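The next block holds one structure in the form of structure tokens; read it before the comments.
Quick note: numbers below take in every heavy atom, side chains included, and nothing from hydrogens, waters or symmetry partners. All values derive from a computational prediction rather than experimental measurement.
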Amino acid sequence: MVFLLGLMFEITSQVAVLFITVQYNVTISANEGLPEESVVNHFQHGLKDVATVFFYTLVAIIIHAIIQEYVLDKINRKMHFSKTKHSKFNESGQLSAVYLFSFGWGTSILMSENFLSNPVNLWEGYPHTLMPFQMKFFFICQMGYWLHALPELYFQKTKKEDIPRQLVYIALYLVHIAGAYILNLNRLALVLLVLHYFVELLFHVSRLVYFSNEKRQTGFTVWAVLFVLGRLLTLSLSVLTVGFGLANADQQVLDLANGNFNVLFVRITVLATICVTQAFMMWKFINFQLRRWREQAQAQPVKPKKPQAPKTKSKKDKANGVNGVSSNGADSPRAKKEKSS
């Protein structure tokens with residue numbers, strides 16, 4: 001509210017604009033002499049983006065509180081979850097909303113910019129210092145959301161044993177998104193984020209369904225297959241773009257003024273970071289699957305052994321009697337012979 005009220009006064013409006021609006025606008029005319037409709041607005045990145053990210057971090061905190069109070073808390077009161085399920089349900093509920101929104105938004109940008117139909121655009125023309133408004137605002141909101149997750153650890157009263165795990169994945173998101181944004185690898189980052197968000201959306205939706213009915217676990221099986229495929233696609237696109245596309249580019253010189261980071265050291269660092277992250281995620285995935293299978297094995301009831309039925313007497317035994325005694329109580333002929341001998 002302070003920033004929005006600042007727009008109403010001329011003295012503070014110039015400062016408030018830095019926080020609310022997207023900065024570094026660049027107007028490009030396709031051809032001179034054409035009408036104004038051919039003018040295209042693009043955006044670059046710079047230090048002023050820090051102020052914009054801070055503002056949308058505050059917006060993310062407000063949206064988080066709205067979803068928690070008006071949606072998740074009402075469901076929790078109806079379902080009567082335990083404390084463990086309560087925290088996991090809140091986490092999956094918040095992330096499902098974010099992943100769904102980000103996946104839809106990112107997919108629309110990919111379709112409008114034709115990155116999927118022509119993958120060469122991922123590295124052709126690097127450095128990609130100019131971004132359309134939707135792409136730059138997408139990255140601003142992404143960084144703002146993952147920054148807001150840090151104070152949410154306090155607001156949500158997260159357990160101490162869960163804080164290290166959440167700090168790790170928050171740091172991974174921030175490093176990859178901010179790193180791609182600064183290094184002008186925004187096209188590759190957008191494709192990988194959309195792919196990753198789709199897989200994570202399926203996982204958290206499956207977990208929400210599991211909390212409502214523990215017998216419904218089909219979603220986890222589908223997610224497990226897509227998770228492995230997602231890691232392979234991520235590595236393939238990264239190696240194709242950074243290892244081959246940028247490695248064969250004409251301009252391979254470090255030029256901070258023009259935003260060109262296409263040098264061997266940066267390419268190796270980017271690929272190493274992506275590979276280590278994917279390996280870490282696979283390791284966590286394998287541990288998760290092993291723990292899940294172990295829990296399922298322990299949850300299965302042990303079937304009691306059926307008592308063996310007593311052996312039935314054969315017809316010969318019934319006719320001759322058991323131990324030399326006939327069925328009518330008299331000695332059998334065989335028993336009489338043995339006694340006489």
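Residue F211 qualifies as enclosed at atom CZ: its count of foreign heavy atoms under 6.0 Å is above 12. Annotation: M282, atom CE; neighbour count of heavy atoms from other residues, nucleotides and ligands within 6.0 Å is above 12.
The main-chain N or O of H64 is found under 3.5 Å from a side-chain atom of Q94 such that the two form a donor-acceptor pair. In this structure, T57 contributes its side chain and Y145 its backbone to no donor-acceptor pair below 3.5 Å. Although no hydrogens or angles enter the test, the distance criterion places a donor-acceptor pair under 3.5 Å between the side chain of R187 and the main chain of N121. With Q252 contributing its side chain and D250 its backbone, the two residues share no donor-acceptor pair below 3.5 Å.
Taking the six-membered ring where the residue is Trp, the centroids of Y210 and W223 are separated by 6.0 Å or more. Side-chain rings of H86 and F89 stay apart, their centers remaining 6.0 Å or farther from each other. If you look at H196 and Y173, their ring centroids are closer than 6.0 Å.
For the pair W293/L290, a side-chain contact is recorded, criterion being any heavy-atom separation below 4.5 Å from C-beta on. Contact check for L185 versus Y126: side-chain heavy atoms found under the 4.5 Å cut-off.
Across Y99, F203, F103, a single residue satisfies ring pair (Phe, Tyr, Trp, His ring centres under 6.0 Å) together with F198, and that is F103. When Y56, Y181, Y197, W105 are each tested for a side chain to side chain donor-acceptor pair (under 3.5 Å) with Q142, only one passes: Y197.
Note: F137 and F133 have parallel aromatic rings, judged against thresholds of 30 and 60 degrees for the angle between ring planes.
Residues meeting the side chain to side chain contact (heavy atoms under 4.5 Å, CB included) test with L233, sequence neighbours left out: L195.
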